[in-house]
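Each ligand, and each atom within it, is numbered from 1 in the order the structure gives.
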Amino acid sequence: MWMGQGPSYEEVHEIAKTLEGKTKYRPTLGIVCGSGLGGLGDLVEEADIIPYDEIPHFPVSTVPGHMGKLVFGKLKGQIVVLMRGRLHCYEGYPMWKTTIPIRVMKALGVETLFLTNAAGGINPDFNTGDIMIIRDHIDFAGLSGECVLRGANDERDHIDFAGLSGECVLRGANDERFGPRFLATVGTWDDAMNELAEKAAKELGLGDILRRGVYVMIGGPTFETVAESRLLKNFGADAVGMSTVAEALVGRHMGMKVFGISLITDKCCLDYTTAKVTTHEEVLAIGQKRAKDLQSLALKI
Ligand SMILES: O=P(O)(O)O[C@@H]1C[C@H](O)[C@@H](CO)O1
């Protein structure tokens with residue numbers, strides 16, 4: 001009997017089989033579009049578009065900027081499946097549920113996973129509109145487990161440790177047919193693909209806005225307090241977001257090659273005197289502004 005946090009190996013393959021009945025494409029590259037970055041989906045040629053709510057057992061996207069459609073087709077001749085809309089833990093889904101599509105991608109034959117996201121810049125040298133190649137990550141959720149610690153950090157602010165964390169996506173019974181119980185995460189982000197992405201960005205003239213750095217995943221949906229941004233900076237993070245790491249871990253759990261980029265959509269505040277409020281609308285607007293560059297970059301990669 002399956003005792004894990006789901007989905008079972010059989011369920012994943014059942015979903016894949018349903019999808020194979022709806023499209024002729026057999027993709028080897030999977031792409032996840034971050035907030036406001038779904039425009040890449042428009043470039044997929046001869047597309048078969050399948051809304052999440054037409055796929056049995058599939059979670060649906062509820063966040064503005066995430067359409068909730070799987071797009072199968074060709075990108076520069078390469079057969080791809082693209083998630084136009086990702087799933088986040090803060091939508092109310094348990095972490096494992098947000099990564100069902102990644103498990104399904106693998107069952108469909110996907111070997112390489114390209115993850116994109118919108119993120120806040122923690123590194124003070126980063127600017128809004130920069131593109132960061134993800135060199136490494138911090139799985140805040142996995143590091144902290146089910147911690148419910150919450151403590152005053154100074155008089156004006158707080159660190160919501162529980163809110164920052166969540167749960168590791170690989171928690172629960174492990175089915176070895178997916179991957180190992182204990183996953184080594186050194187080298188999660190593929191060096192060769194990162195080099196390729198860097199070369200592509202430079203060739204496109206995006207060298208000046210290109211960064212490399214560490215992405216930290218928090219649970220969300222709250223944007224960081226000043227105290228939390230300082231904490232994340234001290235942890236060694238360059239950018240912060242509410243996704244991506246769980247997908248990368250599940251991808252690696254199943255032996256996929258993983259790489260990704262973050263679009264820096266806002267600068268996190270490290271100082272009370274200059275602190276300003278971040279909004280999702282602002283995140284989407286920067287995504288729109290950089291849409292063409294990101295699409296060119298993805299195509300070149
Ligand atoms: O799906 P991503 O990680 O790109 O979305 C980010 C994090 C939140 O979902 C949202 C905040 O604006 O953008």
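- Considering only residues two or more places apart in sequence or on other chains, Asp271 meets the side-chain hydrogen bond (donor to acceptor under 3.5 Å, both in side chains) condition with Thr273.
- Annotation: ligand 1 has protein neighbours Gly34, Ser35, His66, Arg86, His88, Tyr90, Asn117, Ala118, Phe223, Met242, Ser243, His280, Val283, each with a heavy atom less than 4.0 angstrom from the ligand.
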When the side chains of residues 177-186 are checked against the rest of the protein, which donor-acceptor pairs come out under 3.5 Å, sequence neighbours left out?
| residue | atom | partner | partner atom | Å |
| --- | --- | --- | --- | --- |
| Arg177 | NE | Asp175 | OD1 | 3.2 |
| Arg177 | NE | Asp175 | OD2 | 3.4 |
| Arg177 | NH1 | Glu10 | OE2 | 2.9 |
| Arg177 | NH2 | Glu10 | OE2 | 3.1 |
| Arg177 | NH2 | Asp175 | OD2 | 2.9 |
| Arg181 | NH1 | Gly172 | O | 2.9 |
| Arg181 | NH2 | Leu170 | O | 2.9 |
| Arg181 | NH2 | Gly172 | O | 2.8 |

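- Residues Thr188 and His137 have side chains that never bring a donor and an acceptor to within less than 3.5 angstrom of each other.
- Between His88 and Tyr90, the ring planes lie parallel to each other; the angle is under 30°, not in the 30° to 60° tilted range.
- Looking at Glu198, its side chain never comes within 3.5 Å of a backbone N or O of Glu195 through a donor-acceptor pair.
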Side-chain donor-acceptor contacts of residues 37-52 below 3.5 Å, not counting sequence neighbours, with atom names and distances?
| residue | atom | partner | partner atom | Å |
| --- | --- | --- | --- | --- |
| Asp42 | OD1 | Arg84 | NH1 | 2.9 |
| Asp48 | OD2 | Thr23 | OG1 | 2.7 |
| Tyr52 | OH | Gly85 | O | 2.3 |

